[in-house]
2 protein chains.
Amino acid sequence: MIAQKKTQFARIDYAIVATDIILFGIIDDTLHTLLIKMKKTGHEGKWAAPGGLMDVKESPEDAVKRILEEKTGLKDVFAEQLGTFGAVNRDNDGRVVAIAYMALVHADPAILRTTEEYAAVCWHDITDLPKLTYDHGEMIEVALERLRAKLAYTNIVRNILPTNFTLTELQNVYETILSKKMDKRNFRKKILSLGIVKKTDKMKTGEKSRPAALYAFKDKEYHAIDIL
Amino acid sequence: MIAQKKTQFARIDYAIVATDIILFGIIDDTLHTLLIKMKKTGHEGKWAAPGGLMDVKESPEDAVKRILEEKTGLKDVFAEQLGTFGAVNRDNDGRVVAIAYMALVHADPAILRTTEEYAAVCWHDITDLPKLTYDHGEMIEVALERLRAKLAYTNIVRNILPTNFTLTELQNVYETILSKKMDKRNFRKKILSLGIVKKTDKMKTGEKSRPAALYAFKDKEYHAIDIL
DNA sequence: CCAAAAGTGTTCGTGTTACACCCATGT
DNA sequence: ACATGGGTGTAACACGAACACTTTTGG
């Protein structure tokens, strides 16, 4: 039945594999995700998360790296597998099984590449998303859930912050992702007692208020530690 | 290069999709996993987790159900996706991307089907596993990690216990999976305060010691709750 | 009557929460 | 001088951890 459709995948007897990436970044102190407005026939004007077919000679992780670089120009982006979406009819064009990844970027340097393949590539506030095609809405739900859970027991937040940051900025990231206010004193006490950040000798100035000490993460590696 | 090998998959230009299942059950108060001894050419005598190719017209979850029924004769088995393993050379016979699932069964009724396809199908103590082929050793690691984590914040344990059980049996499951002794009074206090089990009017007798009250889970559904 | 496992409370220490004021800078 | 966000301590409470004896059955 699927094979009757005239599409690029119709000749395949097996499901083929794609990767889709839910990319998160903080913009204006708010969590945003990167979406693409499609030009492809049958999907004109629809929004989707970036993704693409995995090549037979690359791993899913390599596919994610390649696609991220194509879309954002960034290398060395933190990415974590979320799960695989394989409903038989998730893609009308054929049987495509998508391995979904969540990726985090420091949004500042995330200069987006404009390509002719898409009508638009841009960041969307997570609280104000357009309708998404395929099952990408579901993927974003899963990604958000995972991200929120991991804030509580890993240092994953380091992947979405710039190298140096103030404790208030760190707290803002937690608050915007978790959608809840936290107590400043308790937050700082907790973060400092964990010993995952160290104060640098730099200060953030020019903010029409008292300068704030800049901090950096001690560990370059992502790992588990009880935070909240 | 891969396509040069004369195998059943060699003609495919794309990766194909399989599902592999890490099946857990409690046998003799100890965590066991189901393994298969293969007959397939090139893999003779090697142990692997049950798995198989996904059909183009079935979802990964349906493939898991089908394979579990083929291997164990059981239906309605709890299964959860662990992640997808897609290293380019994970299968020497061709490019196979495997979606790994963890499944839990009440081991009592898990009568294993003997088939001619395999040299053996049997339960192995998790602390004494043979060498595993493909990346199935890694899958079991991931499954164990997931299972242990979920014991602490979900009622997942209901899927590995029979309908009625004593609190000591419940504690034994936690202890064997987590490989640690727990305090009986604290454990019972915690479980009872969560309200996830209810006492039945049955007792377990004939055990050459004082009879124990049998309990059952209140919720049929799997859900999150802080347990430990 | 002895062995074996069931069942049951209290104390202590640690970690989480709630809460308010002074400080340094830019305008 | 005033507006803005930076930075700091303490007290109440909840939760988890440690710990020992009595009860009921089978043999």
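Within every chain, numbering begins at 1; the chains are lettered A, B, ... in the order of the sequence lines, protein sequences first and strands thereafter. All values below come from the heavy atoms of this structure, side chains included, with hydrogens, waters and symmetry mates left out.
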Ignoring backbone atoms, test whether A:Thr168 places a side-chain nitrogen or oxygen under 4.0 Å from the OP1 or OP2 oxygen of D:dG5.
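Answer no for this pair, as no side-chain N or O of A:Thr168 is under 4.0 Å from OP1 or OP2.
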
Within a radius of less than 6.0 Å around NZ of B:Lys150, do more than 12 heavy atoms belonging to other residues, nucleotides or ligands occur?
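It does: B:Lys150 NZ has more than 12 such atoms within range.
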
Give a yes or no on whether B:Glu145 atom CD has more than 12 heavy-atom contacts from other residues, nucleotides or ligands under 6.0 Å away.
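Count not over threshold, so no.
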
For A:Phe187 and C:dT16, give me the distance from atom CZ to atom P, rounded to whole Å.
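Result: 14 Å.
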
Distance in angstrom units between A:Leu192 CG and D:dG6 C1', rounded:
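Going from A:Leu192 (CG) to D:dG6 (C1'), I get 13 Å.
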
Working for salt bridge (charged side-chain N to carboxylate O under 4.0 Å, His left out), residues B:Glu69 and B:Lys65
CA-CA 6 Å; B:Glu69 200 189 338; B:Lys65 276 186 202 162; over 6 Å; no

Short side-chain to backbone donor-acceptor contact, B:Gln171 and B:Met182, under 3.5 Å
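Yes: the side chain of B:Gln171 pairs with the backbone of B:Met182.
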
Could you pull out all residues at least two apart from B:Arg188 that satisfy side-chain hydrogen bond (donor to acceptor under 3.5 Å, both in side chains)?
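Applying side-chain hydrogen bond (donor to acceptor under 3.5 Å, both in side chains) to B:Arg188 gives none.
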
Please list residues of residues 178-186 of chain A whose heavy atoms come under 4.0 Å from any atom in DNA chain C, ordered by number; otherwise none.
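A:Asp183, A:Arg185, A:Asn186, in order of number.
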
Applying ring-ring contact (aromatic ring centres under 6.0 Å, His included) as the test, list every pair that has at least one member in residues 173-205 of chain A; sequence neighbours left out.
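Residue pairs passing ring-ring contact (aromatic ring centres under 6.0 Å, His included), neighbours aside: A:Tyr174-A:Phe187.
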
Contact list for residues 193-214 of chain A, test ring-ring contact (aromatic ring centres under 6.0 Å, His included), sequence neighbours left out
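Matches after skipping sequence neighbours: none remain.
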
Polar atom pairs between nucleotides 12-16 of chain D and protein, under 3.5 Å, N or O only, would you list them?
from: D:dG16; atom 1: OP1; to: B:Lys190; atom 2: NZ; distance (Å): 3.3

Contacts under 3.5 Å, N or O only, protein and nucleotides 25-27 of chain D:
none

So, do A:Arg148 and A:Ile177 sit near enough that their side-chain heavy atoms are less than 4.5 Å apart?
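Sidechains of A:Ile177 and A:Arg148: in contact.
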
Could you go through the side-chain contact (heavy atoms from CB on, under 4.5 Å) check for B:Thr33 and B:Ile22 one step at a time?
CA-CA 7 Å; B:Thr33 189; B:Ile22 310 303; 3.8 Å; yes

Set out, in order, the CA-CA distance, both residues' side-chain angles and the distance that settles side-chain contact (heavy atoms from CB on, under 4.5 Å) for A:Asn172 and A:Ile26, then state yes or no.
CA-CA 10 Å; A:Asn172 283 341; A:Ile26 301 286; over 6 Å; no

